[in-house]
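Submitted below is the structure of interest, expressed as structure tokens.
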Amino acid sequence: MQKNKSQWQTVMVLGLISLLTSLSGSSLTLALPVLSRDFGISNSIATWAVTIGLVTSTILLVMFGHIGDLLSKRSVFFAGGVIFVVGSLIAGLAPDFIILLIGRVIQAVGIAMTMANGMGIVSDNFPSSTRAEALAAISMFTSVGSISGPAVGGLLISALSWRWIYLMNVPLGAVILLIGWRVLQPQIPQRDRLRTIWGTANWTGQNLFTAGIIFFFVGGAMVQAPGWRVVAWIGMAIGAVLTVFSFMQDDHAKSPWIDPQLLHNPDYLISVGTLLIVMLVNAVSNILLPFYLQSFLGVSPFLSGIIMMGQSATMLLVTPIAGYLADHWNRYWLTLVGLIVLIVSQAGYALYPPTNNWWAILWPIILNGVGMGAFLSPNNALTMDTVPRTLGGVAGSLNSFARTLGMTVGMTFGAVILFAQLPGVARITPQTGNFLGAFANVFWGSTVLSALGLVVVLIRVRRMRGRGMSTDAK
């Protein structure tokens, strides 16, 4: 009984940190049009307030997962919470856009530390038979943060300032960290142990990976700039090559960041790859809906926040049901259902009307939430079932890497593809006549990607049957 109580106290702390980070992130996307006006920058440049954090987390996730396996997942997770709060304070007090970006980078370092070790902590504390429910419980906290984010962000922007999207993390984070100190019981690692890990780590692979990610996303951001497109495509190609080569180099390194067992585990890679596609697709709507609602339709930040809450509110309802079914019925078929619903939702976004037709606007958002809620918990449980507990930290961090990379690609290239179709448009207005066509083109693309995710899931089911394993149970 005491062990069960301790397990769920740990879930509560993990969930509260997830709630705070998702609350901050979902609030920020709503503030992009306001940031654009306050700092006198274009809409496309303002999206870097989101993108730079995602890029930073993407670069660091695997590294912190490996360190968590070697040191202590709980200690790395707790330290990440502290760094997130510090970054929030800097971003909230930022006098200009550059300092805001610096604060976002520090925030993202903390987020990477927590995300990289959260799933590993759950794997250490819960057997496979209840793991999906524990992961679903944490996903519920994330959904609550995502639900509250647009409404809270809209309220703060309307009544106070966008700065409070960051500043509110300071007192709330301090309270959560006080609780976490008692529950997680983090310990300061020995200096000799830190020195050994630092000295033997595969920094060549990490540096190649860092350079690759930066080249890729900076190049992607430059694609829409006239006169720089050739350079941008070359930069993206260099980034892609460096990123792939970094994984190959790490696979043969003396002290790899990623255990070779994971990179040679097709079941694990299929689950992670599907997650990347799903998060990419979902991120496109997160970054583009504020521009459609606020800039094109003229809806207030608060009301657009309420509208965007529909997805997370639906996820909050669906996720615990999916978590229960994943532990008691079938994890494979739930991921299939989630992908099919997600495909329909993306087609719905592509058909958005030029006027405030609320039914036409809301139903794709609701279905998006159903699809994500049905997919995430079963897929996360399937992912962690394919690896031994000793690799839980790096396996969870690589899963989080796929999640964050998908979000980063979706938000970056969703915005890039949209604004590339609107040459000369710095800020979207109701008079931007070709906006809806460009908007629809982006979402027809995400519909195709959703279908690709469905194909990958079908391949996973076929693999299981080909090996004589039943997919009629979890």
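Predicted model, so just to flag it, every value in this text is computed and none were measured. If you read the sequence from its start, that first residue is 1, and numbering goes on from there.
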Q. Which distance, rounded to the nearest 0.5 Å, do you find between the CG of Leu14 and the CD1 of Ile176?
A.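 Answer rounded to 0.5 Å: 11.5 Å.
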Q: May I ask you to test the Asn169-Gln107 pair for a side-chain heavy-atom distance under 4.5 Å?
A: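 In contact.
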**Q.** Donor + acceptor pair across side chains of Gln421, Asn434 (<3.5 Å)
**A.**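 Absent: no donor and acceptor within the cut-off.
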Q) Counting distance only, does the side-chain N/O of Ser57 pair as donor-acceptor with the main-chain N or O of Ala108 below 3.5 Å? A)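 Yes: the side chain of Ser57 pairs with the backbone of Ala108.
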Q) Which atom names give the shortest non-hydrogen contact between Met113 and Ala79, and what distance separates them? A)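 The answer is CE-CB, 3.7 Å.
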**Q.** Evaluation steps, side-chain contact (heavy atoms from CB on, under 4.5 Å), between Leu436 and Phe296
**A.** CA-CA 9 Å; Leu436 267 187; Phe296 184 72; 4.0 Å; yes
Q) Quick check: does any side chain N or O of Gln206 sit under 3.5 Å from a backbone N or O of Ile59, one acting as donor and the other as acceptor? A)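 Checking the backbone N and O of Ile59 against the side chain of Gln206, a donor-acceptor pair under 3.5 Å is found.
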Q. Going through the checks in order, is the side-chain contact (heavy atoms from CB on, under 4.5 Å) test met by Val370 and Met315?
A. CA-CA 6 Å; Val370 173; Met315 284 184 65; over 6 Å; no
Q | Smallest separation among heavy atoms of Ala283 and Gly406, with atom names | A |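 Smallest interatomic distance, heavy atoms only, reads CB-O, 4.4 Å.
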Q. Just checking, is any N or O donor in the side chain of Ser446 or Gln346 under 3.5 Å from an acceptor N or O on the other one?
A.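 Present: a donor and an acceptor within the cut-off.
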Q | Heavy-atom closest pair, residues Ala374 and Gly338 | A |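 Looking at all heavy atoms of both residues, the closest pair is CB-CA, 3.9 Å.
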**Q.** CD1 on Ile277 to CG on Asn282, rounded to 0.5 Å
**A.**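 Between atom CG of Asn282 and atom CD1 of Ile277 there are 13.5 Å.
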Q) Between Ile238 and Ile234, does a side-chain contact (heavy atoms from CB on, under 4.5 Å) hold up when you go through it step by step? A) CA-CA 6 Å; Ile238 292 172; Ile234 292 174; 3.8 Å; yes
**Q.** Side chains of Phe84 and Thr114 in contact at under 4.5 Å (non-hydrogen atoms)
**A.**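 No; the side chains remain at least 4.5 Å from each other.
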Q) Just wondering, more than 12 heavy atoms not from Trp203 lying within 6.0 Å of its CH2? A)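 Yes, enclosed.
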Q.
Parallel, tilted or perpendicular: which one describes the rings of Tyr352 and Tyr349, with boundaries at 30° and 60°?
A.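 Ring orientation, 0 to 90° scale: perpendicular.
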Q: Answer whether the closest heavy-atom distance between the side chains of Phe64 and Val109 falls below 4.5 Å.
A: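 Sidechains of Val109 and Phe64: in contact.
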Q: Kindly give the heavy-atom pair with the smallest separation between Gly453 and Thr274, and that separation in Å.
A: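 Between these two residues, the closest heavy atoms are O-CG2, 4.0 Å.
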Q: Could you give me the CA-CA distance, side-chain angles and deciding distance for Phe439 and Tyr292, then say whether ring pair (Phe, Tyr, Trp, His ring centres under 6.0 Å) is met?
A: CA-CA 8 Å; Phe439 185 85; Tyr292 171 78; 5.2 Å; yes
**Q.** Between CG on residue Leu16 and CG on residue Leu177, distance to nearest 0.5 Å
**A.**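 Interatomic distance, Leu16 CG to Leu177 CG, rounded to 0.5 Å: 10.5 Å.
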Q) Any donor-acceptor pair under 3.5 Å linking the side chain of Arg163 with the backbone of Ala94? A)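 Checked: pair present.
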Q.
Any heavy-atom pair between the side chains of Leu208 and Phe245 that's under 4.5 Å?
A.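 A side-chain contact under 4.5 Å exists here.
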Q: Just jot down the ring-ring contact (aromatic ring centres under 6.0 Å, His included) partners of Phe97, sequence neighbours excluded, or say none.
A: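 Phe39.
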Q) Can you find a pair of side-chain heavy atoms, one from Gln249 and one from Phe209, that are under 4.5 Å apart? A)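 Answer no - side chains too far apart.
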Q: Check Leu342, Leu280, Val284 against Leu449 for a side chain to side chain contact (heavy atoms under 4.5 Å, CB included) and give me the one that passes.
A: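 When Leu342, Leu280, Val284 are each tested with Leu449, the side chain to side chain contact (heavy atoms under 4.5 Å, CB included) holds only for Leu280.
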**Q.** Worked verdict on Leu336 versus Phe375 for side-chain contact (heavy atoms from CB on, under 4.5 Å)
**A.** CA-CA 8 Å; Leu336 280 171; Phe375 174 83; over 6 Å; no
Q: Sequence neighbours left out, what passes side-chain contact (heavy atoms from CB on, under 4.5 Å) with Val170? Give chain and number order.
A: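 Checked Val170 against side-chain contact (heavy atoms from CB on, under 4.5 Å); matches are Val85, Leu89.
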(Q) Contact between Phe78 and Ile17 at the side-chain level, heavy atoms closer than 4.5 Å - yes or no? (A)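 No; the side chains remain at least 4.5 Å from each other.
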Q.
Would you say CZ of Phe215 has more than 12 non-hydrogen atoms from neighbouring residues, nucleotides or ligands within 6.0 angstrom?
A.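 Not buried by this count: 12 neighbours or fewer within 6.0 Å.
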Q.
Could you check whether any side-chain N or O of Asn441 sits under 3.5 Å from a backbone N or O of Gly437, counting only pairs where one atom can act as donor and the other as acceptor?
A.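 A pair under 3.5 Å: yes.
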Q. Is Leu289 close to Ile365 at the side-chain level, that is, under 4.5 Å between some pair of heavy atoms?
A.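 Heavy-atom side-chain distance check passes, below 4.5 Å.
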Q | Approximate separation, where rounding is to 0.5 Å, of Met63 CE and Thr210 OG1 | A |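 Rounded to the nearest 0.5 Å, the CE-OG1 separation comes out at 8.0 Å.
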Q) Any side-chain heavy atom of Leu100 sitting closer than 4.5 Å to one from Tyr166? A)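 They are in contact (side-chain heavy atoms under 4.5 Å apart), so the answer is yes.
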Q. Looking at Ser285 and Phe443, what are the two nearest heavy atoms and their distance?
A.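 Residues Ser285 and Phe443, closest heavy atoms: CA-CZ, 3.7 Å.
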Q. Roughly how far, to the nearest 0.5 Å, is the CD1 atom of Ile213 from the CG atom of Leu60?
A.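 Output value for this atom pair is 10.5 Å.
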Q: First locate atom CG of Leu275, then atom CD1 of Ile270, and finally report the distance between them rounded to the nearest 0.5 Å.
A: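 Going from CG on Leu275 over to CD1 on Ile270, the span is 14.0 Å.
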Q. So, for Ser450 and Val281, which heavy atoms are closest and what is the spacing to 0.1 Å?
A.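 Heavy atoms only, the tightest pair is OG-CG1, 3.3 Å.
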